[in-house]
Amino acid sequence: MRNRADRIRQTIGFEVIGFLLFVPLAHWAFGFSVQQLGVLAVTMSVIAAAWNYLYNLGFDHLLARWKKRVKKNTLERVVHAFGFEGGLLFVSLPLVAWWLNIGIWEAFIMDLGFATFYLVYAFVYNWAYDKVFPLPGWQAV
């Protein structure tokens, strides 16, 4: 299982790269100012970073308990990504509506766009992270 320093590196990398990709894409897709989206992204990044750390720790503990391993197969990575984004969507919906001064339905549609982006991004990032920083004893797949 990953140690605390490794999890912190994983989380910071995820949030920094995600921010650099998200803000220009969201500006292009939704037309809100880069400044508005930047503040929202930083706020969500702090929330997501805490959720990322706790979620990954909990997911690995459950996987270790149920499967006696922490290395994820493709289906487990899909479940992992959907679970992460679903939990974050629950928290982010009211924040997005309030910050962008839009209705809940519009915020929900936007949040689905954000979640879709981050769902794909989380899958790819965590797969790449495991390849770049494998745990000892992991064989290349």
Salt bridge (charged side-chain N to carboxylate O under 4.0 Å, His left out) contacts touching residues 42-51 (sequence neighbours left out): none
Pairs touching residues 34-44 that satisfy salt bridge (charged side-chain N to carboxylate O under 4.0 Å, His left out), sequence neighbours left out: none
Report yes if the side chains of [X] and [Y] come closer than 4.5 Å at any heavy-atom pair, otherwise no.
| X | Y | result |
| --- | --- | --- |
| Gln35 | Leu40 | no |
| Tyr118 | Leu88 | no |
| Trp98 | Leu95 | yes |

The criterion is side chain to side chain donor-acceptor pair (under 3.5 Å); which residues satisfy it with Thr11, sequence neighbours excluded? none
Who are the side chain to side chain donor-acceptor pair (under 3.5 Å) partners of Asn52, not counting sequence neighbours? Asn56
For Trp105, the hydrophobic cluster (side chain heavy atoms closer than 4.5 Å, chained through members) also holds Leu89, Leu93, Ile104, Phe108, Ile109, Leu112
ILVMFWY clustering at 4.5 Å (side-chain atoms), partners of Leu62: Trp66
Quick check: is [Y] connected to [X] through a chain of hydrophobic side chains (ILVMFWY, heavy atoms under 4.5 Å apart)?
| X | Y | result |
| --- | --- | --- |
| Tyr55 | Ile47 | yes |
| Leu21 | Val39 | yes |
| Val96 | Phe90 | yes |
| Leu119 | Leu20 | no |
| Val46 | Ile17 | no |

For [X] and [Y], which heavy atoms make the closest approach, and how far apart are they?
| X | Y | value |
| --- | --- | --- |
| Glu15 | Ala49 | OE2-N, 3.6 Å |
| Ile102 | Met110 | CD1-SD, 3.5 Å |
| Gly87 | Trp51 | CA-CZ2, 3.9 Å |
| Ala26 | Leu37 | C-CD1, 3.6 Å |

Closer than 3.5 angstrom, by distance alone: can the side chain of Tyr121 be matched with the main-chain N or O of Phe22 as a donor-acceptor pair? no
Do Tyr53 side-chain atoms and Ala48 backbone N/O form a donor-acceptor pair below 3.5 Å? no
My understanding is that only residues two or more places apart in sequence, or in another chain, count here; which of them pass side chain to side chain contact (heavy atoms under 4.5 Å, CB included) with [X]?
| X | answer |
| --- | --- |
| Arg69 | Leu63, Lys67, Asn73, Glu76 |
| Ala64 | Met1, Val70 |
| Ile12 | Ile8, Val16 |
| Gln36 | Phe32, Ser33, Trp99, Leu100 |

Below 6.0 angstrom between ring centroids: does that apply to Phe123 and His80? no
Residue set satisfying ring-ring contact (aromatic ring centres under 6.0 Å, His included) with Phe19, at least two apart, ordered chain then number -> none
Residues forming a salt bridge (charged side-chain N to carboxylate O under 4.0 Å, His left out) with Asp60, sequence neighbours excluded: Arg7, Lys72
CZ/Phe133 to CZ/Arg2 distance, rounded to the nearest 0.5 angstrom? 8.5 Å
Return the OH to CZ distance between Tyr125 and Phe14, rounded to the nearest 0.5 Å. 8.0 Å
Strictly by modelled atom types, are Tyr129 and Asp6 linked by a side-chain donor-acceptor pair under 3.5 Å? yes
More than 12 heavy atoms of other residues, nucleotides or ligands under 6.0 Å from CG of Asn3: yes or no? yes
